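See structure below.
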Amino acid sequence: MLLLPLIGLLHYQGPPMEEGFMLAFPEQILQGRLPHRDFLHLYGPGSLWVLAAVYKLLGTSLTVERMVGFTQHAAVAFGLFAALRPWGRRVATSAAVIAVVILIGPLGLSAMAWNGALALGVCSLAVGTAAARRADDTRSRRLLFVAGLLGGLALLYRPDLVLAVVLGLGALWWDLERSRRRPLVWGAAAGVALYVPHLLLSGPGAAIRGMFLEPVFELRGGRSLPLPPSWGQVDGFLQRAGALRQTGWPLPMPAVSHQIFLWFVLVPGSIALVVVAAWRLRRRERDSARSRAFWPLALFGAALLQQALQRPDTAHLSWVTGITFALCVPAISSLLEGVLPRWSPGNRTWVGIGAVAVVLVAVIPFYPLRTYADLVGQTFGHNRFGYAITNDGRTFYFGSRSGADDAQRVTDRLRREAKPGETLIVGPTDLSRTNYSDAFFYYLFPDLVPGTRYIEMDPCIADPPDSGLAGELRRNDWLILSDAWSDWSEPNDSAGKGSDAPNQVVRDHYCMVEDAGTFQLLHRCR
């Protein structure tokens with residue numbers, strides 16, 4: 001299931017800002033610039049340092065980055081399979097398949113920090129519960145240390161996963177004999193301790209601001225969406241754009257906005273189902289291998305709820321239900337065991353699989369299942385979606401042919417005109433509304449230095465009067481403006497305008513070099 005869409009995903013449009021900065025940020029590290037200190041980054045440093053090491057070894061390319069993303073998805077699937085192995089191969093395999101189908105759609109193979117943190121967290125519990133089932137020997141203690149280490153590394157990717165990691169590993173720790181708890185704790189401490197060199201290099205103030213203050217207090221007003229999602233309309237701009245790609249679905253389905261609403265309702269529903277089932281199983285057979293494996297996973301999945309609450313769009317809903325829907329299979333099987341003990345384990349499992357399948361096929365098919373089918377079709381040459389923009393051996397895929405042609409015109413002109421070491425800023429046409437950025441241009445031009453700390457542009461962070469963006473523009477050499485996101489509208493603070501000072505700097509100091517329609521190339525001329 002993981003291999004079927006692989007070829008299609010390698011040539012698929014990536015999210016221009018998110019995948020763009022996962023290509024650009026690690027390369028900035030290799031060039032001596034640091035997250036939080038020199039460029040805006042809203043998560044932990046773990047994913048960037050890992051990608052920087054991979055790029056150093058294999059070279060910076062879209063294929064390398066996406067294979068790291070593929071590895072992260074594979075680690076989630078195999079982690080779930082390993083953790084649920086005490087339930088039997090059918091339960092473990094079905095859970096892994098469900099996770100793949102749900103998680104792979106929103107951002108494709110982009111090596112996002114969340115997917116990496118999720119992979120490390122799930123694998124932490126898989127290793128830890130396997131060690132807990134072993135006799136107390138040297139090998140089991142080493143495995144417990146590894147489990148703690150993986151959990152700590154998950155927090156190095158995404159510190160906001162702390163509740164999930166603490167609950168999951170805490171449940172595992174609670175069930176261990178006192179003599180076996182210490183390796184788990186030391187492993188977790190070793191993983192988290194890697195924050196120390198980051199704090200020393202980037203500075204405690206910059207790191208704390210970048211990981212906690214900016215994403216929690218400054219960004220939220222411009223990225224939050226209504227709770228619950230609107231029934232009659234799609235709230236998220238990127239989801240509305242994604243809904244324009246209709247590849248056909250053979251069965252009746254609810255309206256897309258209805259699906260998102262129902263999907264959101266199913267998040268707490270699936271969490272409640274899994275936690276209740278895990279608790280009842282724990283009371284029925286506390287020390288069984290199934291219970292020891294399922295209880296930490298259930299608590300881990302329950303703590304993911306905050307992702308759905310902070311922004312209930314399809315990406316965040318996928319990041320939660322990729323785990324909780326997968327755990328519904330053993331949950332339903334366990335509950336049926338208490339109600340219908342004469343049923344065979346196989347029949348109970350098929351009921352669990354069938355229940356999740358009904359949700360994916362009949363209730364919310366547009367994003368998880370239809371997208372997965374679309375990606376598999378692209379692997380085999382059907383309805384390909386992604387048009388190449390290239391520069392000096394580097395390629396990025398854009399979803400619009402005309403947009404890709406415009407971007408290529410700007411790319412070709414900048415390649416001819418710019419000199420290595422000059423600075424480049426990429427932003428929206430209206431710099432008073434920094435809702436999104438085509439950050440992939442920084443990846444296409446590694447010999448140009450980003451002229452701004454806002455490689456990733458977010459509302460309420462890059463567009464306030466005190467952001468410093470206007471001053472950066474005064475010192476910058478080249479500017480690419482994008483009209484692709486000018487129609488951005490969401491029911492949050494991104495609908496308003498920030499400071500017009502950056503626009504005034506552009507009017508006063510920049511001259512048009514190439515007007516390609518969707519994209520414009522300007523140079524500071526006075």
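Sequential numbering from 1 along the given sequence is applied to the chain's residues. Keep in mind that what you see is a predicted model, and the values were worked out from it rather than measured.
- Val267 is not listed as a side-chain neighbour of Thr324, based on a closest heavy-atom distance of 4.5 Å or more.
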Between Ile425 and Ile480, does a side-chain contact (heavy atoms from CB on, under 4.5 Å) hold up when you go through it step by step? CA-CA 6 Å; Ile425 293 178; Ile480 295 176; over 6 Å; no
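- With rounding to the nearest 0.5 Å, the separation of CG in Leu107 from CG in Leu238 is 9.0 Å.
- Note that Arg158 lies in the cation-pi zone of Tyr43, set by a 6.0 Å cut-off to the ring centre and a 45° limit from the axis.
- A distance of 6.0 Å or more separates the ring centres of Tyr12 and Tyr397.
- In this structure a side-chain-to-backbone donor-acceptor pair under 3.5 Å is missing from Glu472 to Thr452.
- Side chains of Thr371 and Asp374: a donor-acceptor N/O pair is absent below 3.5 angstrom, by distance only.
- Distance check: Ser432 OG to Leu469 CG gives 10.5 Å after rounding to the nearest 0.5 Å.
- Within a 6.0 Å radius of OH in Tyr195, other residues, nucleotides and ligands contribute more than 12 heavy atoms.
- Inspection of the Ser402 and Ser400 side chains reveals an N or O donor paired with an N or O acceptor under 3.5 Å.
- Within the 3.5 Å criterion, the main-chain N or O of Asp458 finds a donor-acceptor partner in the side chain of Thr434.
- Classified by interplanar angle (parallel below 30°, tilted 30° to 60°, perpendicular above 60°), the ring pair Phe398/Phe519 is perpendicular.
- Look at Glu27 and Arg394 and you find a salt bridge, because one of the NZ, NE, NH1 or NH2 atoms lies within 4.0 Å of a carboxylate O, short of that distance.
- Contact annotation: the side chain of Met211 approaches that of Pro45 to within less than 4.5 Å [non-hydrogen atoms, C-beta and beyond].
- By the 4.5 Å heavy-atom criterion applied to side chains, His509 and Leu473 are not counted as neighbours.
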Test log, rule side-chain contact (heavy atoms from CB on, under 4.5 Å), inputs Phe264 and Leu227: CA-CA 9 Å; Phe264 176 78; Leu227 286 172; 3.6 Å; yes
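- A salt bridge links Arg409 to Glu514: at least one charged side-chain nitrogen sits closer than 4.0 Å to a carboxylate oxygen.
- Formation of a donor-acceptor pair under 3.5 Å by the Gln259 side chain with backbone atoms of Phe366 is found in this model.
- Tyr510 is linked by a ring-ring contact (aromatic ring centres under 6.0 Å, His included) to nothing, counting only residues two or more places apart in sequence or in another chain.
- Side chain of Arg220 to backbone of Pro215: a donor-acceptor contact under 3.5 angstrom is found.
- The pair Arg524-Glu422 fails the salt-bridge criterion, with no side-chain N (NZ, NE, NH1 or NH2) lying under 4.0 Å from an Asp/Glu carboxylate O.
- Put simply, the side chain of Ser467 gets close to the backbone of Pro464: a donor and an acceptor are under 3.5 Å apart.
- For the side-chain contact (heavy atoms from CB on, under 4.5 Å) criterion with Leu219, the lone passing option out of Ile461, Leu40, Asp493, Leu213 is Ile461.
- Note that CD of Gln72 and CD1 of Ile104 are 11.5 Å apart. Values are rounded to the nearest 0.5 Å.
- Within the 4.5 Å cutoff, the side chain of Asn115 has no heavy atoms near those of the Val76 side chain.
- Of the possible donor and acceptor atoms, one in the side chain of Ser318 sits under 3.5 Å from a partner among the backbone N and O of Thr314.
- In this structure the side chain of Ile364 never reaches within 4.5 angstrom of the side chain of Thr321, judged on heavy atoms.
- Distance CG/Leu42 to CG/Asp160: 10.5 Å, rounded to 0.5 Å.
- In this structure, OG1 on Thr518 lies 4.0 Å from CG on Asp406, to the nearest 0.5 angstrom.
- Formation of a donor-acceptor pair under 3.5 Å by the His198 side chain with backbone atoms of Leu194 is not found in this model.
- Legend: residues meeting side chain to side chain donor-acceptor pair (under 3.5 Å) with Asp438, ordered by chain and number and at least two apart, are Ser482, Trp485.
- Between the side chains of Asp235 and Ser230, at least one donor-acceptor pair of N or O atoms lies under 3.5 Å.
- Looking at Asp515, its side chain never comes within 3.5 Å of a backbone N or O of Gln520 through a donor-acceptor pair.
- A donor-acceptor pair under 3.5 Å is formed between the side chain of Thr379 and the backbone N or O of Leu4.
- Contacts classified as salt bridge (Lys or Arg N to Asp or Glu O under 4.0 Å) and involving residues 45-67 (residues at least two apart or in different chains) are given here: Glu19-Arg66.
- Among Leu521, Ile389, Thr390, Asp392, the one residue that satisfies the side-chain contact (heavy atoms from CB on, under 4.5 Å) test with Thr411 is Ile389.
- Under a cut-off of 6.0 angstrom, the local environment of CZ in Arg507 is crowded, with over 12 non-hydrogen atoms contributed by other residues, nucleotides or ligands.
- Under the 3.5 Å distance criterion, the side-chain polar atoms of Asp483 are left unmatched by any main-chain donor or acceptor of Ser486.
- A cation-pi geometry, defined here as NZ or CZ lying under 6.0 Å from the six-membered ring centre and within 45° of its normal, does not hold between Arg240 and Phe237.
- Leu424 is not listed as a side-chain neighbour of Val449, based on a closest heavy-atom distance of 4.5 Å or more.
- With sequence neighbours left out, His258 forms a side chain to side chain donor-acceptor pair (under 3.5 Å) with Trp231.
- Partners of Phe396 by ring-ring contact (aromatic ring centres under 6.0 Å, His included), not counting sequence neighbours, listed by chain and number: Phe440.
- Residues Asn476 and Thr423 have side chains that bring a donor and an acceptor to within less than 3.5 angstrom of each other.
- Listed by chain and residue number, Arg413 satisfy the side chain to side chain donor-acceptor pair (under 3.5 Å) test with Glu417 (two or more places apart in sequence, or in another chain).
- In this structure, Leu6 and Leu2 have side chains that are not in contact, with every pair of non-hydrogen atoms separated by 4.5 Å or more.
- By the 4.5 Å heavy-atom criterion applied to side chains, Thr60 and Tyr443 are counted as neighbours.
- With values rounded to the nearest 0.5 angstrom, Asp38 atom CG is found 9.5 Å from Ile455 atom CD1.
- There is no side-chain donor-acceptor pair under 3.5 Å between Ser110 and Glu18.
- Under the 30°/60° scheme for interplanar angles, the aromatic rings of Phe21 and His41 are found to stand perpendicular.
- Within 6.0 Å of CG on Asp508 lie more than 12 heavy atoms contributed by other residues, nucleotides or ligands.
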